[in-house]
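Below: one structure, written as C-alpha cells.
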Amino acid sequence: MNIEIVGHSIVSADGKIADSNRQMPAGLRVDADWRRFQAALDDSRLVVVGRRGHAVHSNSGRKRLVVTSSVAWLERDPADDNSMLWNPDGISFARVLAGLDVSEGTVAVTGGQGVFDLFLPGFTRFDLVEVAGLTIPGGIDCFSGGPPANMLAGAGLAPLPPEPLAPGVSLSIWRR
C-alpha cells in the first residue's frame, strides 16, 4: 500500500480545536486556511472525520469515513451514499481501506480530538495551522495527551518551518 495519512487541524495559541461546548469559535475560521484545507480534501482519496464533524459539515460528494461507536464495525451511512460509518473497535483501518479499495493516495484526517488521537501513531504528515493571540479557556484540545507540537514530536513527526497564511495565522507541516 502506498497511502499517506495526513492530519488537518486549525488550533488556537493554546492548542484548542473547539470551545467547551464543542463548537468551533469564529476566531478559528480563517478564509486562507479554509481554501487550502478544502483543496487538500478535494485531492484526497478518503476523508476521515468524527461523528460530530460529519453531522455539522455536510459532505460535498467526497468519499468519507465517519468514526463512530454507533455501528458494530462498518456500514453505509443511510443519509449519505458517499459516507461509511466505522467503529475502530469492530474492524481495523487496514481492512476498511482494503474494503473501500483505497490502496494508494492520501487519506485526510480532519478530527476531532478522538480521531486525531486514534491516528496519531500512523500520521505520515500533519498540517497544523495555529492562530496566534487566540486562546480558548476550557476548550477542547487537539490531542487529549497535550499540546499539538508535543504530541506530534512524541509520535516521531518533525515540523518544517512555518509559513504564514494570514496575519497571525501560520501553517506548520509536520512530517515523519
Side-chain angles (χ1 to χ4, degrees), residues 1-11 17-18 22 24 28-29 32-129 140-145 148 151-160 163 165 171-176:
M1 251 198 283
N2 188 19
I3 299 284
E4 184 171 28
I5 300 175
V6 180
H8 295 272
S9 186
I10 185 167
V11 300
I17 57 173
R22 299 191 170 275
M24 183 181 208
L28 290 179
R29 291 181 174 90
D33 172 60
W34 185 254
R35 287 188 302 274
R36 181 202 60 78
F37 173 62
Q38 292 300 310
L41 298 185
D42 287 342
D43 290 341
S44 298
R45 292 279 318 270
L46 179 67
V47 176
V48 180
V49 63
R51 177 185 50 80
R52 280 190 179 97
H54 179 60
V56 171
H57 302 289
S58 62
N59 192 357
S60 62
R62 299 179 183 112
K63 187 182 277 190
R64 220 182 228 190
L65 183 64
V66 181
V67 180
T68 179
S69 60
S70 69
V71 298
W73 60 287
L74 183 71
E75 61 185 63
R76 186 159 309 283
D77 180 344
D80 181 353
D81 287 340
N82 288 317
S83 296
M84 298 295 291
L85 306 175
W86 170 52
N87 184 339
D89 291 334
I91 185 172
S92 72
F93 185 60
R95 286 191 59 202
V96 169
L97 290 178
L100 296 176
D101 196 28
V102 176
S103 60
E104 62 183 6
T106 300
V107 172
V109 178
T110 66
Q113 183 188 71
V115 177
F116 289 142
D117 286 349
L118 178 67
F119 281 89
L120 182 60
F123 284 127
T124 55
R125 184 175 119 197
F126 197 95
D127 291 3
L128 181 65
V129 176
I140 306 299
D141 291 312
C142 183
F143 294 100
S144 64
M151 298 303 296
L152 293 167
L157 289 95
L160 298 173
E163 62 181 82
L165 294 179
L171 165 65
S172 294
I173 297 175
W174 291 72
R175 286 202 163 277
R176 228 173 255 293

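From a predicted model like this one, the values you see are computed outputs, not experimental measurements.
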So does Asp77 pair up with Arg64, basic N to acidic O under 4.0 Å?
no
Heavy-atom side-chain proximity of Asp89 to Ser69 below 4.5 angstrom:
no
Nearest-0.5 Å distance that lies between atom CG in Asp101 and atom NZ in Lys63:
7.0 Å
N/O donor-acceptor pair under 3.5 Å between Gln113 side chain and Asp141 backbone:
yes
Is Arg62 salt-bridged to Asp42, cutoff N-O under 4.0 Å?
yes
One thing to verify: whether Arg176 and Glu4 come together as a salt bridge, which I'm taking to mean a side-chain N less than 4.0 angstrom from a carboxylate O.
no
Does a side-chain heavy-atom distance below 4.5 Å link Leu41 with Thr110?
yes
Could you state the interatomic distance from CH2 (Trp86) to CZ (Arg51), rounded to the nearest 0.5 Å?
15.5 Å
Roughly how far, to the nearest 0.5 Å, is OG of Ser103 from CD1 of Ile3?
6.0 Å
Does Arg36 form a side chain to side chain contact (heavy atoms under 4.5 Å, CB included) with Asp127? I'd like the steps, not just the answer.
CA-CA 10 Å; Arg36 181 202 60 78; Asp127 291 3; 3.3 Å; yes
Taking the side chain from Thr124 and the backbone from Ile5, do they hold a donor-acceptor pair closer than 3.5 Å?
yes
Evaluate the ring planes of Phe119 and Phe93, with Trp represented by its six-membered ring, and classify them as parallel (under 30°), tilted (30 to 60°) or perpendicular (over 60°).
perpendicular
Between Ala153 and Trp174, which heavy-atom pair has the shortest distance, and what is it?
N-CZ3, 3.8 Å
Evaluate the criterion side chain to side chain contact (heavy atoms under 4.5 Å, CB included) for residue pair Arg45 and Leu100; output intermediate values, then yes/no.
CA-CA 10 Å; Arg45 292 279 318 270; Leu100 296 176; over 6 Å; no
Is Asn2 reaching over with its side chain to a backbone N or O of Glu104, donor-acceptor style, under 3.5 angstrom?
no
Can you tell me how far the CD1 atom of Ile91 sits from the CG atom of Leu74, to the nearest 0.5 Å?
5.5 Å
Between CG of Asp33 and CG of Leu171, what distance do you get to the nearest 0.5 Å?
7.5 Å
Rounded distance [0.5 Å steps], CZ in Phe126 versus CG in Leu152:
5.5 Å
Shortest non-hydrogen contact from Ser144 toward Asp117:
OG-OD2, 2.6 Å
Within a 6.0 Å radius of atom CD on Glu163, are there more than 12 heavy atoms belonging to other residues, nucleotides or ligands?
yes
Looking only at non-hydrogen atoms, find the nearest pair between Ser83 and Val66 and report the distance.
CB-CG2, 4.4 Å
Can you give me the closest heavy-atom contact between Leu165 and Ala32, atom names plus distance?
O-CB, 3.4 Å
